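Before any comments, here is the structure.
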Amino acid sequence: VQLQASGGGLVKPGGSLRLSCAASGNVFSIRNMNWYRQAPGNGRELIATISRGGNTKYTTSANGRFTISGDALNTVYLQLDSLKPEDTAVYYCYAALVLGEQWGQGTLVTVSS
């Protein structure tokens, strides 16, 4: 499985972005898809998960402002709303596979005025 993340960029506080993660290869080995982020100087933290069946789960990192959607076997999205400077981070998609795991390359989100 290969994952291609995109959609990051520079946005002003209060703005929105939609991140995409496109899966290719043996996509039927995907159990669920996830979005993580890593801010400068911090570890990588889980934000949200979407299962093959479309069920979604969020951690407190989502803060009620982020929404995961899409098809775990095709393209998954992370809608980022009401962005704050502390949301600045590299955002990664991650696939839990039947055997193993796969990370995407990350996409940088910078929230600054």
Side-chain angles (χ1 to χ4, degrees):
V1 172
Q2 295 80 43
L3 301 177
Q4 181 69 44
S6 61
L10 174 64
V11 62
K12 294 182 178 180
S16 297
L17 280 175
R18 190 175 80 155
L19 309 181
S20 300
C21 179
S24 61
N26 186 19
V27 297
F28 292 101
S29 68
I30 295 174
R31 294 171 51 225
N32 59 57
M33 290 277 276
N34 306 263
W35 281 101
Y36 283 76
R37 69 179 178 183
Q38 186 168 18
N42 291 350
R44 205 167 286 190
E45 60 179 1
L46 176 64
I47 300 170
T49 301
I50 187 165
S51 70
R52 288 173 62 132
N55 295 315
T56 59
K57 290 194 298 185
Y58 297 90
T59 69
T60 55
S61 297
N63 290 308
R65 298 180 289 113
F66 301 164
T67 305
I68 192 169
S69 64
D71 179 350
L73 301 188
N74 190 347
T75 302
V76 172
Y77 305 96
L78 186 67
Q79 178 69 35
L80 309 175
D81 294 318
S82 302
L83 283 163
K84 303 177 180 180
E86 53 263 41
D87 295 318
T88 295
V90 178
Y91 287 70
Y92 297 89
C93 54
Y94 166 89
L97 309 177
V98 173
L99 291 174
E101 62 184 22
Q102 182 64 48
W103 288 93
Q105 84 283 11
T107 185
L108 176 63
V109 172
T110 302
V111 185
S112 175
S113 56

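Reckoned from all heavy atoms, side chains included, excluding hydrogens, waters and symmetry mates. Keep in mind that this is a model prediction, so the values were computed, not measured.
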Can a donor-acceptor pair be found, under 3.5 Å and without considering hydrogens, that links the side chain of Arg52 to the backbone of Ala72?
no
Which is it for Leu97 and Ile30 under the side-chain contact (heavy atoms from CB on, under 4.5 Å) test, yes or no, and what are the steps along the way?
CA-CA 4 Å; Leu97 309 177; Ile30 295 174; 3.8 Å; yes
Residue pairs passing the disulfide (SG to SG under 2.5 Å) test with at least one member in residues 5-87, sequence neighbours excluded, are Cys21-Cys93
Verify same cluster id: Tyr92, Tyr77 (apolar side-chain graph, 4.5 Å)
no
Can you measure from CD1 (Ile47) to OG1 (Thr59) and round to the nearest 0.5 angstrom?
7.0 Å
Do Ser16 and Asp81 pair up side chain to side chain, a donor and an acceptor below 3.5 Å, judged on atom types alone?
yes
Specify the closest pair of heavy atoms between Ala89 and Leu108, including all atoms of both residues, with the distance to one decimal.
O-CD1, 3.6 Å
For the pair Ser29 and Val1, evaluate side-chain contact (heavy atoms from CB on, under 4.5 Å) and give the outcome as yes or no after the intermediate values.
CA-CA 8 Å; Ser29 68; Val1 172; 3.4 Å; yes
What's the spacing between Asn32 CG and Thr56 OG1 if we round to 0.5 Å?
12.0 Å
Output yes when a side-chain donor or acceptor of Thr49 lies under 3.5 Å from a complementary backbone atom of Asn34, and no otherwise.
no
Calculate, to the nearest 0.5 Å, the distance between atoms CE and CG belonging to Met33 and Asn74 respectively.
9.0 Å
Could you report the tightest heavy-atom contact between Gly8 and Leu19, atom names first, then the distance?
N-CD2, 3.6 Å
When hydrophobic residues are tied together by side-chain contacts of less than 4.5 Å, even through go-betweens, does Val27 share a cluster with Val76?
yes
Checking Gln105 side chain against Ala5 main chain: does a donor-acceptor pair fall under 3.5 Å?
yes
What distance separates Leu10 CG from Ser113 OG, expressed to the nearest 0.5 Å?
9.5 Å
Of all heavy-atom pairs linking Leu3 and Ala95, the shortest is CD1-N, 3.7 Å
Residues Arg65 and Leu83: closest non-hydrogen pair is NH1-CA, 3.9 Å
Distance, nearest 0.5 Å, that separates CD of Gln2 from CG of Asn26:
9.5 Å
Pairs involving residues 20-61, ordered by first then second residue, that meet ring pair (Phe, Tyr, Trp, His ring centres under 6.0 Å) (sequence neighbours left out):
Tyr36-Tyr94, Tyr36-Trp103
Rounded to the nearest 0.5 angstrom, the CD-CD distance for Gln38 and Glu45 is 9.5 Å
Where the side chain of Asn63 meets the backbone of Ser61, is there a donor-acceptor pair that is under 3.5 Å apart?
yes
List the steps, then state whether side-chain contact (heavy atoms from CB on, under 4.5 Å) holds for Leu80 with Val111.
CA-CA 11 Å; Leu80 309 175; Val111 185; over 6 Å; no
Least distance between heavy atoms, Leu17 atom then Gly7 atom:
CD2-O, 3.8 Å
